[in-house]
Structures are given as C-alpha cells and as structure tokens.
Amino acid sequence: MPPKTPLAKRPVGTAWDPKRDPAHGRRLRAIPALTNGTERRVHVGAQTLIAGLRRSLTHLEALRALDRSRNLAEARHWLDDLPLRVHAIPAEVERTLDTVPEDYKDKRDPELHPGLQDLAYQITWDIHEACAAISDPDLYLAGVDEGIEPVTDEHIRLAIWGMQRELLRELRGPAGPAGTRRPAVQLSELPNHIQRALVERRRLRYQQWGIGQAEWEANRWSVWRIPEDPDWAPPWVPAD
Amino acid sequence: MPAPTTTPVRTPVEPKPEERPWQEQFTDPWEICPQQVREVGSPDIAP
C-alpha cells in the first residue's frame with residue numbers, strides 16, 4: 001500500500017514505489033530516485049547537498065531548493081546533465097542502433113537512467129494496453145496525430161524489436177517448476193495500426209519527459225526539462 | 001419430511017485458447033521488474 005502522505009510532504013529518503021504510488025507531479029516524481037537523506041542532510045547523487053538541517057526536508061522542499069537556491073548551483077547543474085542510457089558494461093553506453101541487427105545476442109541491454117523510472121513504466125503501460133488487442137482484435141489504441149515527428153515504417157519495426165528484446169527474456173507465470181512460465185507476447189504480431197500507435201506513443205512519452213532527438217543523440221537528459229505538470233498522475237495507478 | 005436436495009454437479013468448461021484473456025496465455029509486460037522495465041524503454045533506439 002502506498003503511504004497516505006503525499007509525496008510532496010514526505011521527507012527525502014522515505015520509501016518510494018513509483019509502480020504503486022499515486023503521487024502527482026511529473027517532475028516531482030523523479031526526485032526520490034535522485035536524492036537520499038537523513039534528518040540532517042540531503043544527498044543528490046553521491047554528493048551531500050544540504051547539511052546541518054534542523055528537520056528533514058520534504059521532496060517538494062528539496063525540489064524547490066534545488067531549483068532556486070544560489071548555494072545549490074552545483075547540484076542543480078548535476079540534475080541538468082544526467083546520462084540517458086545506463087549499461088552494466090560502461091563501454092556499451094554510447095552504442096545506439098538505427099536498424100534491426102541481424103545477429104543480436106546481447107544478454108543485457110542499455111536501460112533508462114533510474115531517474116526515468118516513470119518514463120519506463122509509462123512505455124510499458126502502453127505496451128500492456130496494446131496487448132489487449134491479442135484478446136480483442138477490434139481494440140482501438142489511439143496513436144499520436146500531432147506534436148511529434150511522424151514515425152516511419154522502418155522506425156516502427158526497429159522500436160518494436162527493441163521493446164521485444166527484454167520481453168523475450170523476462171517471462172513470468174504460475175509458481176512452480178521451470179517450464180510453467182508463460183511465453184512473451186509477440187509485439188510484431190499485433191495489428192499494424194496498434195504497432196504504429198505504440199511507437200507514436202513511445203516518441204510522445206520521451207518528449208513528455210523532456211527527451212527529443214537532440215537529447216537522445218547527446219545521451220543526456222535533464223530534470224529541469226521534465227515539465228512540472230503538478231496535476232499529472234500515473235495512469236497505471238488506480239485512482240482511489 | 002423435506003425432499004433431499006442435491007447440488008448439481010457442473011463440469012468446468014475449458015475455454016478455447018482464443019477466448020482466454022491474453023494475460024492467461026502470455027507474460028504480461030506489466031509483471032516484469034523495475035530494472036527490466038527500464039530496459040524495455042530501449043534507450044539505444046531513438047525516441
């Protein structure tokens with residue numbers, strides 16, 4: 001069960017589960033993964049950001065301080081220049097793909113920075129919704145007509161392949177001996193209009209977290225480019 | 001004396017595979033763990 005106190009009022013360093021917490025605020029929700037704290041100090045990344053506090057800072061207070069305080073310019077800059085891709089093998093971080101590889105055998109793929117956990121959940125939630133087309137071939141999944149660059153058929157094929165990689169490895173199913181796990185959904189077997197809508201949404205989702213083509217090419221993202229969107233709530237958490 | 005009652009026995013009908021919700025046939029991507037979800041984001045591929 002998520003805590004009843006809103007994220008904005010909870011002290012930095014308290015438990016945070018973005019999959020189940022209904023907290024509002026697109027930018028604010030990125031803060032728990034990027035900060036830690038005790039009663040007397042707040043850390044941003046590996047740095048001690050604020051020490052000698054009389055009481056714990058809430059997430060909203062920390063965000064406001066990071067945004068405005070002259071004394072926190074270094075931490076503000078750190079949050080402005082974070083890596084987009086993270087990889088267990090550092091040399092792999094800069095590798096990107098522009099076509100579907102013919103012989104892909106990697107056991108570990110690059111992942112989004114932990115501060116972008118909500119973006120990851122949003123993309124996966126869109127996939128979850130698209131998969132309803134397996135049971136309901138008449139499913140309508142809205143794509144994105146405006147506000148993004150159109151996606152090409154080639155990009156749809158690549159993005160669908162990219163999302164499929166991890167789904168093929170991560171199987172779940174009833175508890176029991178190996179072999180009872182359910183197979184992965186096959187995204188390439190969804191109707192073409194569903195695949196297109198899914199990839200258009202993926203492009204939109206990146207944009208909604210402040211990441212466009214330039215940020216992707218530079219492999220950087222910024223907390224300050226995530227819109228504040230104080231009323232935004234994750235669609236994957238049921239409303240009370 | 002009341003007549004004895006019997007509970008009708010119903011044989012469960014196994015739904016055809018095409019009638020089952022997809023979550024019963026496949027792994028729901030929503031079930032995978034937070035780190036793997038970040039890999040599904042596939043940031044090595046352009047938005």
Side-chain angles (χ1 to χ4, degrees), chain A residues 17-19 84-87 92 95-98 108-114 116-117 119-121 123-125 127-128 131-136 148 155 158-159 161-163 165-167 169-173 181-186 202-207 211-213 215-217 219 236, chain B:
Chain A
D17 180 359
K19 188 171 185 179
L84 173 64
R85 288 182 289 278
V86 178
H87 200 291
E92 293 290 305
R95 188 195 61 178
T96 58
L97 296 169
D98 54 13
R108 187 81 183 259
D109 301 314
E111 62 190 69
L112 288 165
H113 187 280
L116 293 167
Q117 188 71 51
L119 171 58
Y121 276 134
I123 290 170
T124 308
W125 184 249
I127 297 172
H128 166 85
C131 288
I134 298 168
S135 298
D136 176 10
I148 62 165
H155 187 65
L158 177 61
W161 173 86
M163 293 187 282
R165 283 177 296 186
E166 194 58 22
L167 303 185
R169 293 192 196 110
E170 290 302 314
L171 304 181
R172 300 289 187 275
R181 297 183 306 171
R182 301 183 192 102
V185 292
Q186 293 296 323
R202 179 178 178 272
R203 180 164 288 181
L204 175 70
R205 301 314 187 190
Y206 269 85
Q207 192 169 293
I211 300 161
Q213 185 71 15
E215 288 77 15
W216 178 76
E217 288 176 1
N219 193 25
W236 56 86
Chain B
M1 187 173 175
T5 57
T6 56
T7 303
V9 176
R10 293 181 183 166
T11 305
V13 178
E14 187 74 12
K16 296 174 185 174
E18 64 269 23
E19 293 172 350
R20 289 181 185 149
W22 65 274
Q23 290 102 324
E24 292 182 18
Q25 300 178 61
F26 301 100
T27 295
D28 184 347
W30 192 241
E31 293 180 33
I32 68 178
C33 75
Q35 189 259 317
Q36 271 81 31
V37 166
R38 295 200 300 273
E39 289 190 49
V40 173
S42 45
D44 53 341
I45 293 171

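What you see is a predicted model, and the numbers here were worked out from it, not measured in a lab. In the text below, chain A, chain B and the rest are named by the order of the sequence lines, each starting its count at 1.
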Q: For chain B, which candidate among A:His128, A:His155, A:Arg203 shows the most heavy-atom pairs at distances under 4.5 Å?
A: A:His128
Q: Which pair of heavy atoms, one from B:Ile45 and one from A:Leu158, lies closest together, and at what distance?
A: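 The pair with the smallest heavy-atom distance is CD1-O, 3.6 Å.
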Q: Would you name the heavy atoms of A:Pro183 and B:Gln25 that are closest together and state the gap between them?
A: CD-O, 3.3 Å
Q: Within the 4.5 Å heavy-atom criterion, are B:Pro29 and A:Val185 side-chain neighbours or not?
A: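 They are in side-chain contact.
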Q: Less than 4.5 Å to any heavy atom of chain B: does that hold for the side chain of A:Arg169, its backbone, both, or neither?
A: side chain
Q: Return the NZ to SG distance between A:Lys19 and B:Cys33, rounded to the nearest 0.5 Å.
A: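 So the gap between those two atoms works out to 9.0 Å.
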Q: Heavy-atom pairs under 4.5 Å with chain B are the metric here; pick the option from A:Gln186, A:Glu170, A:Glu111 that has the most.
A: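 Going by pairs under 4.5 Å, I would pick A:Glu111.
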Q: Under 4.5 Å heavy-atom distance to chain B, tell me which part of A:Ala132 shows up: side chain, backbone, both or neither.
A: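 For A:Ala132, the contact with chain B is made by backbone and side chain together.
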Q: Got a second to check how far A:Ser135's OG is from B:Gln23's CD, nearest 0.5 Å?
A: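 Interatomic distance, A:Ser135 OG to B:Gln23 CD, rounded to 0.5 Å: 6.5 Å.
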Q: With only heavy atoms counted, which part of A:Pro114 is less than 4.5 Å from chain B, the side chain, the backbone, both or neither?
A: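 Looking at A:Pro114, backbone and side chain both touch chain B.
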Q: Taking side chain as everything from C-beta outward and backbone as N, CA, C, O, which of these in A:Arg165 sits under 4.5 Å from a heavy atom of chain B? Side chain, backbone, both or neither.
A: side chain
Q: Select one option (side chain, backbone, both, neither) describing which atoms of A:His87 are under 4.5 Å from chain B's heavy atoms.
A: neither
Q: So which of A:Leu171, A:Ile123, A:Asp98, A:Ile148 has the largest heavy-atom pair count under 4.5 angstrom toward chain B?
A: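 Of the options given, most contacts go to A:Leu171.
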Q: Considering all heavy atoms of both residues, which atom of A:Tyr206 and which atom of B:Pro43 are nearest to each other, and what is their separation?
A: OH-CA, 3.5 Å
Q: Heavy-atom pairs under 4.5 Å with chain B are the metric here; pick the option from A:Leu84, A:Ile211, A:Thr96 that has the most.
A: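 Top count of heavy-atom pairs under 4.5 Å with chain B: A:Thr96.
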Q: Is a side-chain N or O of B:Thr27 found less than 3.5 angstrom from the main chain of A:Arg182, in a donor-acceptor match?
A: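 Yes, because the side chain of B:Thr27 sits within donor-acceptor range (under 3.5 Å) of the backbone of A:Arg182.
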Q: Can you say whether the rings of B:Trp30 and A:Trp125 are parallel (under 30°), tilted (30 to 60°) or perpendicular (over 60°)?
A: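 Perpendicular.
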Q: Report yes or no: does B:Glu39 contribute a side-chain atom to a donor-acceptor pair with the main-chain N or O of A:Asp109 at less than 3.5 Å?
A: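 Judged by distance alone, yes, a pair lies under 3.5 Å.
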Q: Please report the closest heavy-atom contact between B:Ala46 and A:Trp216, naming both atoms and the distance.
A: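 Heavy atoms of B:Ala46 and A:Trp216 come nearest at N-CZ2, 3.3 Å.
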Q: What part of A:Arg202 gets within 4.5 angstrom of chain B, counting heavy atoms only: side chain, backbone, both, or neither?
A: side chain
Q: Working note: B:Asp44 + A:Arg95, criterion side-chain contact (heavy atoms from CB on, under 4.5 Å); need CA distance, chi angles, decisive distance, verdict.
A: CA-CA 7 Å; B:Asp44 53 341; A:Arg95 188 195 61 178; 4.1 Å; yes
Q: Is it true that B:Arg38 and A:Gln117 share a donor-acceptor pair across their side chains at a distance under 3.5 Å?
A: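 Indeed, the side chains of A:Gln117 and B:Arg38 share at least one donor-acceptor pair under 3.5 Å.
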Q: Can you list the steps and then say if A:Leu112 with B:Val37 is a side-chain contact (heavy atoms from CB on, under 4.5 Å)?
A: CA-CA 9 Å; A:Leu112 288 165; B:Val37 166; over 6 Å; no
